[in-house]
Amino acid sequence: MTIDRETLMAYADGELDELTRRRVEQAIADDPALAAQVEADRALRARISGHYAGVADQPVPDRLRALLDSNVHEITDARPMRQPVRRWVMNAAAIAATLIIGVFVGREMGDAGPFRTTGDMLVAQGALARALDTQLASSQSASAATRIGVSFRGVDGGYCRTFSSGKLDGLACRTEQGWILRNMANGEGQAIPEYRQAGSMNPALLAAAQAMMVGDPLDAAAEQAARDGHWR
Amino acid sequence: MAFESDLLALLPRLRRFALSLSRDATDGDDLCQMAVERALKSRDQWQPGTRLDSWMFRIMRNLWIDEVRMRGRRDRTFAPEEAGATVGDDGDRRIEMALEVTDVGRAMDRLPPEQREAIALVLVEGFAYREAAEILDIPMGTLTSRLVRGREALMRELGEAA
């Protein structure tokens, strides 16, 4: 009796019906070569699945969990459904962000930019600092030059806020020195118009905010209370 | 919501299958995100009582085929992405899936895509032949012959002792 390769493999994978299984077992008993093939099929399966087993044990990134987990929905809910930014786009954004830092800090020497340098930190100044100090996400005008995204308590205790200001999406945290820029990304809709979404924030920045956040983002009342308390 | 929490529970396996398909951690997570977003948009099309995992794997696999097709077009238009690959990705804080480059990884990489996806579904994800054939939308006979050819290629690469 001949057993074809497909059937033998199906036997090794436990896919055969009772009758065929017995027929194959009979053949294996009579032919050590068949038995060896079944062994090889099973060993291969164990080796391949073992190789990938660890992947499923690794922690799932927040940006994926946030799509489904209501505990982290506050941030992502606000923006419309969108395609993930492809890697080449992210790279373009990263390069552009680097250029922007150069432009802003460079310009800042004339004291006109949104940041000044303090030691090795960038501190918001001018209109950006005012927006971070006073503007409420719940009541800001749609045409405001700087748009505040989410406000929250950071892991080191102070308040942090995300903002979009034209070419720049940023994350700043309040300290003694003022609003320190903690993270930035290219503002969407500048270099990458096809990815523009009104009111949406760079996803890398949202992930960074998520990673720094203690508890939930501030709701409208908490945001106002924090502002009235001068973010202390 | 049960639908969301069921999907949440599937995420580790979805990431693994995405990695098998794309063979790249970042592409894999992008693919995973697209698949989840598509599933949330199309949730009406899922029939309760049927397997959510099969449905999700099928969505993911079809998205990947579209992606590969699109890249074929795009790669003729754009410079290689490696041009900026090392520039500031810090704020991104993505957790990379660390999959050691090993003999198994290399051998899987060398498989033709249609054999690799069959192997991934049956040997890695543990789907029955019939379920895998449905996910891939191919007849059972096609699935088993791809599995046989894929297995034999892997055994050749890895040595008979497998």
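All figures in this text were calculated on a predicted structure; none of them were measured in a lab.
Interatomic distance, B:Tyr129 OH to A:Leu16 CG, rounded to the nearest 0.5 Å: 8.0 Å. Interatomic distance, B:Asp29 CG to A:Arg63 CZ, rounded to the nearest 0.5 Å: 5.5 Å. Atom-to-atom distance recorded for A:Ile48:CD1 and B:Leu154:CG is 4.5 Å, nearest 0.5 angstrom. One distance of note links CG of B:Asp6 with CG of A:Leu68; it measures 10.5 Å at 0.5 Å rounding.
Taking the ring pair (Phe, Tyr, Trp, His ring centres under 6.0 Å) definition, one finds that A:Tyr159 meets it with A:Trp231, sequence neighbours left out.
Of the listed residues (A:Arg5, A:Met9, A:Glu6), just one forms a side-chain contact (heavy atoms from CB on, under 4.5 Å) with B:Leu147, and that residue is A:Met9.
In this structure, the portions of B:Val148 lying under 4.5 Å from any heavy atom of chain A include both its backbone and its side chain. Neither the backbone nor the side chain of B:Leu14 has a heavy atom closer than 4.5 Å to any heavy atom of chain A. Neither the backbone nor the side chain of A:Asp57 comes within contact range of chain B, judged by heavy atoms closer than 4.5 Å. Neither the backbone nor the side chain of A:Ala46 comes within contact range of chain B; no heavy atoms are under 4.5 Å apart.
Using a 4.5 Å heavy-atom threshold, the side chains of A:Asp41 and B:Met155 count as touching. When side chains are defined from C-beta on, B:Leu8 does not count as touching A:Val60, because their heavy atoms never get closer than 4.5 Å. With contacts defined as side-chain heavy-atom distances shorter than 4.5 Å, the pair B:Val124/A:His51 does not qualify.
No donor-acceptor pair under 3.5 Å is formed between the side chain of B:Arg15 and the backbone N or O of A:Leu64.
Interface summary for chain A: among B:Glu152, B:Met108, B:Arg151, the most heavy-atom pairs under 4.5 angstrom belong to B:Arg151. Counting heavy-atom pairs closer than 4.5 Å to chain A, the top-ranked of the candidates B:Ala120, B:Gly141, B:Ala128 is B:Ala128. When each of A:Gly14, A:Ser49, A:Ala36 is scored by its heavy-atom pairs under 4.5 Å with chain B, the top score falls to A:Ser49.
Residue-environment remark: CZ (A:Arg22) stays at or below the threshold of 12 foreign heavy atoms within 6.0 Å. Within a 6.0 Å sphere centred on CD of B:Gln45, other residues, nucleotides and ligands contribute 12 heavy atoms or fewer.
Considering every non-hydrogen atom in both B:Ser20 and A:Tyr52, the closest pair reads OG-CE2, 3.8 Å. Closest non-hydrogen pair, B:Pro12 versus A:Ala56, comes out as CB-O, 3.2 Å. Nearest heavy-atom pair across B:Gly126 and A:Arg45 is CA-NH2, 4.0 Å.
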Give the C-alpha distance, both sets of side-chain angles, the deciding distance and a yes or no for side chain to side chain contact (heavy atoms under 4.5 Å, CB included) between B:Thr144 and A:Glu15. CA-CA 11 Å; B:Thr144 48; A:Glu15 285 275 339; over 6 Å; no
